[in-house]
Number of protein chains: 2
Amino acid sequence: MARKRRTTGNPTIMDVARAAGVSAITVSRALRTPERVSTDARARVNAAIRNLGYTPDPAAQALASQRSDIIGVLVPSVTNSVFLDTMRGVYEVAETSDFRVQIANTRYSQAEEERLVRLFLHQRPAALIVTGIDQSATTAKLLRAAPCPIVQITEMGPAPFDMMVGFSHSEAARAAARHLVDAGYRRIGFLGARRDARSTRRLSGFRAGLEADGLFNAARVLFAEQPSSVPLGAAQFTELLSRDPQADAVLCNNDDLALGVLFECQRRGIEVPQAFGICGFNDIAAMAVAHPSITSVRTPRREIGRQAMTMILARLADEDPGPMVRDLGFTLIQRDSTRRRPT
Amino acid sequence: MARKRRTTGNPTIMDVARAAGVSAITVSRALRTPERVSTDARARVNAAIRNLGYTPDPAAQALASQRSDIIGVLVPSVTNSVFLDTMRGVYEVAETSDFRVQIANTRYSQAEEERLVRLFLHQRPAALIVTGIDQSATTAKLLRAAPCPIVQITEMGPAPFDMMVGFSHSEAARAAARHLVDAGYRRIGFLGARRDARSTRRLSGFRAGLEADGLFNAARVLFAEQPSSVPLGAAQFTELLSRDPQADAVLCNNDDLALGVLFECQRRGIEVPQAFGICGFNDIAAMAVAHPSITSVRTPRREIGRQAMTMILARLADEDPGPMVRDLGFTLIQRDSTRRRPT
DNA sequence: GTGAAAGCGCTAACAG
DNA sequence: CTGTTAGCGCTTTCAC
């Protein structure tokens, strides 16, 4: 009678155990808690692992230990380059570990986010990274009770589920608005792509910044349905001018839009910064090289990803993760596009 | 005596089975091959699943079936926006299914790629997507023998492991070079960021295109160490002019670089396209809006991702995946940056 | 410090 | 069409 084995042929922990003359559990311990295994046994196990080319099966590990090596990352969009920069930071650090990053796309939907959180939690992830602070009540409850580290990224908020790293979007936009006012602009518009929680908060910062001088005018605020892009910026600028031909500056929620505005100004022969001021948001590399160079709010996107993952790895290694809540701030980078000569 | 259960408390397939008055295997079948279960049993199982909020445990499924629901994607870089566009396409289609996408970064290293392929294969992925055609001999052997669908993306090549979708990079660059020649430029440079297999092939296409008229000059070919960016384009343009002050056009391996060149021309007052012609590669949205608009080679990045994943899903569902090897081609989009008035 | 036994939750194999 | 049995490869529990 043939046995009914279903194995893949890959070496298992039992193969290693036999080769090392120990039991399976000793191999397991040699791998996970080497200090609890005698030096001698450990050496033999390691040799056997190398000889056989053994790699643990993550599915079996997850099933037996009720804990997977997956770090879930929830982002609202895989299309938006802002989140991509953050993802880079996440990957950079994750690659130094054995954890696997798994991206999931909430598509700006709280319901979808909730579904994905459940899905991840069901797998007992090693940790979870979620974007922002606008989760549904149920999602919040799930995350608060989650048996793993949770990091909220990209924003700051009053009641973190666990850890948090980001910056204040409204403060950043406020600073940009003040800068435009200080530079002498008066009829300042706001261009945004698809509206989400963060762009809404930025708008409120922008508004606050202008209202201090009674300069806010809702007619100069434009949001679009589409995602952010250079062409959208050009189109929105055109729309802004049709709404207020006297508009003299704009805060763009995104650097793409700012580039589009600049190109459209060039096309129309509108002089930047003298006749029109442009301020972007995020400070992508192109801003510094554009002609004229474009003022922008530098945001620590990549660093957010790096620090989120670093905190997680520290926690998972039972080390001190440092501050659990980190406001990484922002920097207004003043450039030629708002450097108006005094009149 | 307490039982020694280690369960998470989540409902298991047994809970569903009991609630539905069937055996566990029937639940399993109702989920995976509903047509092999009686309508009656299926209905009761589905009801029980809904009542209990049951979700299968992917780790247990993977362990028992030797097949995971993970689709691995190997890309050379998570920093390069070209691959990001392809990833978008992959995600868009993957999200219509229950498979999970897992990105891994080979960092342009064949050795790393080989390690990652082994790692993935060890998990018995549902399918694997790999970038390009330059795998190590060992990697190639592993992939040819892999027990799952494999798609090579982004390039075309003679001996696909399984499926393939991309376009010819050398042909695309050749067409761009010919276009510049036809537009009347004679001292044409080539700017590239970090050199990899694809940019090397593009250079050879560029070279072939110019050599037809004896116009190729290696002194006008620049590669950098850094990844592609707008500032790099500006810097390389400066370097190109110092090498050949008479240079009259450039093919940029990347649209970022082309934008940088344009800005630097604006800064120096060099007239585009009259005094200098610029052609980009990939045709990102900004090209159409730049002033002047920039000629570029449109590449089907997103569609490559979409089709790769679509073929995989078809194969996994035992449907006809259509052509296994697909050359999606490219399109030269002629714009103002190369539209020289005849002299 | 080490091991035997008993699961983790699911599905392949074989019967009926 | 349905069920029983025996694993998948690993780790927990408890004992030595």
Side-chain angles (χ1 to χ4, degrees), chain A residues 1-45 49 52-69 98 122-124 147, chain B residues 1-45 48-49 52-69 98 122-124 126 147:
Chain A
M1 286 302 297
R3 295 276 310 287
K4 58 173 180 177
R5 302 216 100 233
R6 287 179 255 151
T7 177
T8 55
N10 290 326
T12 74
I13 204 168
M14 267 306 294
D15 298 325
V16 175
R18 263 190 293 272
V22 296
S23 72
I25 186 60
T26 299
V27 176
S28 174
R29 284 199 271 251
L31 244 27
R32 291 172 307 121
T33 51
E35 68 279 8
R36 291 197 211 160
V37 170
S38 69
T39 327
D40 177 52
R42 202 189 316 155
R44 281 175 10 242
V45 166
I49 287 176
L52 298 172
Y54 167 76
T55 319
D57 178 331
Q61 288 185 130
L63 184 58
S65 69
Q66 302 288 5
R67 160 168 291 293
S68 80
D69 58 355
D98 282 329
H122 187 71
Q123 299 177 52
R124 298 250 155 180
Chain B
M1 284 302 296
R3 296 272 313 287
K4 57 173 183 178
R5 303 214 100 232
R6 290 179 254 151
T7 176
T8 55
N10 291 325
T12 74
I13 204 168
M14 267 305 292
D15 298 325
V16 175
R18 262 190 293 271
V22 296
S23 71
I25 189 67
T26 299
V27 177
S28 174
R29 284 197 273 250
L31 245 28
R32 291 173 304 122
T33 50
E35 68 280 7
R36 288 196 214 163
V37 171
S38 69
T39 326
D40 177 52
R42 203 190 314 156
R44 281 172 14 240
V45 166
I49 286 177
L52 298 172
Y54 168 77
T55 320
D57 178 333
Q61 289 186 127
L63 185 58
S65 69
Q66 300 289 3
R67 160 168 293 290
S68 79
D69 58 357
D98 283 328
H122 187 70
Q123 299 176 52
R124 296 249 158 181

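Per chain, numbering begins at 1; letters A, B, ... match sequence-line order.
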Counting only side-chain N and O atoms of B/Arg32, is one of them less than 4.0 Å from OP1 or OP2 of C/dA12? yes
Contact class for A/Arg29 (heavy atom, under 4.0 Å): base, sugar-phosphate, or nothing? base
Quick check for you: among D/dC1, C/dT11, D/dT12, whose closest atom lies nearest to any side-chain atom of B/Ile25? C/dT11
Please report the C-alpha distance between B/Leu31 and B/Ile49 in whole Å, then the side-chain angles of each, then the deciding distance to 0.1 Å, and finally whether the side-chain contact (heavy atoms from CB on, under 4.5 Å) criterion is met. CA-CA 10 Å; B/Leu31 245 28; B/Ile49 286 177; 3.4 Å; yes
Closest non-hydrogen contact found for A/Arg44 with A/Gly21 is NH2-O, 3.5 Å
Please work out if A/Val22 contacts a base, only the sugar-phosphate, or nothing of the nucleic acid, heavy-atom cut-off 4.0 Å. sugar-phosphate
Interatomic distance, B/Leu52 CG vs C/dG9 P [rounded to whole Å]: 14 Å
Counting side-chain heavy atoms from C-beta on, which of C/dT11, D/dG9, C/dC8 comes nearest to B/Gln66? D/dG9
Taking only the side-chain nitrogens and oxygens of B/Ser28, find out if one of them lies under 4.0 Å from OP1 or OP2 of C/dT11. yes
Check the distance between D/dC10's P and A/Leu31's CG and give it to me in whole angstrom. 9 Å
B/Arg44 atom CZ is separated from D/dC1 atom C1', nearest whole Å, by 13 Å
What's the verdict on side-chain contact (heavy atoms from CB on, under 4.5 Å) for B/Asp69 and B/Asp98, showing C-alpha distance, side-chain angles and the deciding distance? CA-CA 7 Å; B/Asp69 58 357; B/Asp98 283 328; over 6 Å; no
Counting any heavy atom closer than 4.0 Å, what does A/Ala62 reach on the DNA or RNA strands: base, sugar-phosphate only, or nothing? nothing
Result for 5'-nearest mapping on DNA chain C, choosing between A/Glu35 and B/Ala24, is A/Glu35
Taking for each residue the nucleotide of DNA chain D bearing the nearest heavy atom, is the 5' side occupied by B/His122 or by B/Arg36? B/Arg36
Please report, rounded to the nearest Å, how far the C1' atom of C/dG9 is from the CD atom of A/Gln61. 16 Å
Could you tell me the separation between the CG atom of B/Asp15 and the P atom of C/dG9, rounded to a whole number of Å? 9 Å
From CG of B/Asp57 over to P of D/dC8, roughly how many Å is that when rounded to an integer? 18 Å
Please confirm whether the shortest side-chain N or O distance from B/Ser23 to OP1 or OP2 of D/dT4 is below 4.0 Å. no
Minimum heavy-atom separation for B/Asp57 and A/Leu63, please, with both atom names. OD2-CD1, 4.2 Å
Can you check whether A/Ser65 has a side-chain N or O nearer than 4.0 Å to OP1 or OP2 of D/dT11? no
Is the phosphate of D/dG3 approached by B/Thr26 (side-chain N or O, under 4.0 Å from OP1 or OP2)? yes
Could you point out which residue of B/Ser23, B/Pro56, B/Ser28 forms a side chain to side chain contact (heavy atoms under 4.5 Å, CB included) with B/Ile13? B/Ser28
Tell me: CD of B/Gln123 to C1' of D/dC10, nearest whole Å? 15 Å
Check the phosphate of D/dG9 against A/Thr12, side-chain N and O only, distance under 4.0 Å to OP1 or OP2. Yes or no? no
Any idea which of D/dG9, D/dT2, D/dG3 is nearest the A/Ala64 side chain? D/dG9
Classify B/Ala59 by what it touches in the nucleic acid, base, sugar-phosphate, or nothing, heavy-atom distance under 4.0 Å. nothing
In whole angstroms, how far is the P atom of C/dA12 from the CD1 atom of B/Ile13? 11 Å
Result for 5'-nearest mapping on DNA chain D, choosing between B/Arg42 and A/Thr55, is B/Arg42
So does B/Arg124 get a side-chain nitrogen or oxygen closer than 4.0 Å to the phosphate oxygens (OP1/OP2) of C/dT11? no
Minimum heavy-atom separation for B/Pro147 to B/Arg67, with atom names? O-NH2, 3.4 Å
